[in-house]
Amino acid sequence: MNFKLKKSLSVLELSDLVRIIEMQENDIKLVDMGYDERLELLLETLVQERENRMINRLIKNAYFKYPSASLESLDYDSRQIKRSTILNLATMGFIGNATNLVITGPAGAGKTYLACALGIEACKQTYRVMYIRMPDLMRNFENQRDNLRELTKYRKRIGNYQLLILDEWLNYKITEKDAKLLYELFE
């Protein structure tokens, strides 16, 4: 690829395209491809790379306790979970329907792991997700409590997520003020 073309693509903020073209130039299998085929392959690669980066960014920004949790690695039998139920949840229909999902079970049952796995699946479907422990959420509210503007900003930021995973839900006592803040958040 010549310098002028590289510079033009960089000006257009298409440096990823430059890299992919250079990779293709070194692939002998692509020499016999026609222009349309090669362009299609080039664009498919570019779109896939950008989508993967976006998904990785969504997962990173969600702050999952288990960032490598996956539905594929769940042991359905030992956890006594119906595979069909989880696969149904993995479609994320509950997000589109604005339905709350509560995962219950004894300590050590894998509720947090399952929540993270579902959250990561939501990220793969490009939903914005936030994972936070209930005590941390309440502490953040408490830190913002004296500044109404910051508290409103924080609630709005949390409200912008399409999926909010609250771990350790009500494992601790909450005050009436905390209950009101949670109500406003969920409203």
Side-chain angles (χ1 to χ4, degrees), residues 44 47-145 148-187:
E44 282 175 8
V47 167
Q48 187 63 53
E49 282 187 5
R50 287 188 178 184
E51 187 173 293
N52 289 342
R53 269 200 311 269
M54 179 180 60
I55 290 168
N56 289 334
R57 188 175 56 252
L58 287 169
I59 291 170
K60 180 182 173 205
N61 292 341
Y63 299 104
F64 292 111
K65 182 173 185 176
Y66 300 113
S68 58
S70 71
L71 296 176
E72 294 80 25
S73 66
L74 279 177
D75 186 358
Y76 295 94
D77 295 330
S78 71
R79 295 186 191 271
Q80 299 177 345
I81 302 171
K82 289 183 181 175
R83 180 182 288 268
S84 60
T85 301
I86 300 303
L87 293 177
N88 184 35
L89 291 172
T91 65
M92 301 299 142
F94 66 95
I95 295 175
N97 295 331
T99 303
N100 294 327
L101 172 64
V102 179
I103 301 172
T104 62
K111 300 177 296 290
T112 299
Y113 186 89
L114 176 58
C116 288
L118 286 169
I120 289 168
E121 185 61 33
C123 289
K124 289 177 181 177
Q125 296 178 34
T126 67
Y127 287 104
R128 289 182 320 282
V129 179
M130 179 184 189
Y131 168 92
I132 190 166
R133 294 173 53 249
M134 187 74 164
D136 296 333
L137 176 69
M138 300 321 297
R139 192 174 317 109
N140 291 345
F141 278 146
E142 185 64 37
N143 292 341
Q144 308 292 334
R145 192 161 283 173
L148 185 59
R149 175 185 249 176
E150 289 300 315
L151 179 62
T152 303
K153 203 163 114 178
Y154 182 67
R155 277 199 327 243
K156 186 176 181 178
R157 187 177 72 113
I158 290 174
N160 284 332
Y161 288 97
Q162 294 159 304
L163 175 60
L164 178 63
I165 299 173
L166 294 177
D167 200 4
E168 300 179 21
W169 172 252
L170 300 181
N171 282 359
Y172 308 94
K173 284 190 174 191
I174 62 170
T175 66
E176 189 175 327
K177 275 186 176 180
D178 291 339
K180 286 180 183 177
L181 284 170
L182 285 173
Y183 178 75
E184 289 174 10
L185 178 65
F186 300 144
E187 190 173 50

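All heavy atoms count here, side chains included; hydrogens, waters and symmetry mates do not.
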Suppose the criterion is side-chain hydrogen bond (donor to acceptor under 3.5 Å, both in side chains): which pairs have a residue in [range], not counting sequence neighbours?
| range | answer |
| --- | --- |
| residues 58-70 | S70-S73 |
| residues 94-104 | none |
| residues 116-136 | E121-Q125, Y131-D167, R133-D136, R133-E168, D136-R139 |

- Query: Passes side-chain contact (heavy atoms from CB on, under 4.5 Å), L118 versus L163? Steps please.
  - Reply: CA-CA 10 Å; L118 286 169; L163 175 60; 5.8 Å; no
With sequence neighbours excluded, tell me which residues meet side-chain contact (heavy atoms from CB on, under 4.5 Å) with [X].
| X | answer |
| --- | --- |
| D75 | D77, S78 |
| K153 | E150 |
| K82 | S84, T85 |
| R157 | M130, Y154, Y161 |

Say you draw a straight line from [atom1] of [X] to [atom2] of [Y]; how long is it, rounded to the nearest 0.5 Å?
| X | Y | atom1 | atom2 | result |
| --- | --- | --- | --- | --- |
| K156 | L185 | NZ | CG | 14.0 Å |
| L71 | L87 | CG | CG | 7.5 Å |
| I95 | L101 | CD1 | CG | 9.5 Å |
| I132 | M138 | CD1 | CE | 10.0 Å |
| L89 | L114 | CG | CG | 7.5 Å |
| L151 | E142 | CG | CD | 10.0 Å |

- Item | Pairs meeting criterion ring pair (Phe, Tyr, Trp, His ring centres under 6.0 Å) with involvement of residues 83-107, two or more places apart |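 Listed by first then second residue: nothing to list.
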- For the pair K111 (side chain) and I103 (backbone), establish whether a donor and an acceptor sit closer than 3.5 Å, ignoring hydrogens and angles.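 A pair under 3.5 Å: no.
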- Query: Could you walk me through whether I174 and L181 pass the side-chain contact (heavy atoms from CB on, under 4.5 Å) check?
  - Reply: CA-CA 10 Å; I174 62 170; L181 284 170; over 6 Å; no
- Query: Testing M54, R50, Q48 for side-chain contact (heavy atoms from CB on, under 4.5 Å) with N52, which one passes?
  - Reply: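 Of M54, R50, Q48, side-chain contact (heavy atoms from CB on, under 4.5 Å) with N52 is met by Q48 alone.
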By salt bridge (Lys or Arg N to Asp or Glu O under 4.0 Å), which residues pair with [X], not counting sequence neighbours?
| X | answer |
| --- | --- |
| E176 | K180 |
| R53 | D16 |
| E44 | none |

- What are the two closest heavy atoms between F64 and I59, and how far apart are they?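 Closest approach of F64 to I59, heavy atoms only: CD1-O, 3.7 Å.
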- Task: Applying ring pair (Phe, Tyr, Trp, His ring centres under 6.0 Å), name anything that partners Y76, two or more places apart in sequence or on another chain.
- Result: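 Partners of Y76 by the ring pair (Phe, Tyr, Trp, His ring centres under 6.0 Å) criterion come out as none, since no residue qualifies.
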- Message: Evaluate I120 against V129 for side-chain contact (heavy atoms from CB on, under 4.5 Å), listing each step before the verdict.
- Response: CA-CA 8 Å; I120 289 168; V129 179; over 6 Å; no
- Query: Can you check whether I158 reaches L137 side chain to side chain, under 4.5 Å on heavy atoms?
  - Reply: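 Answer yes - side chains close enough.
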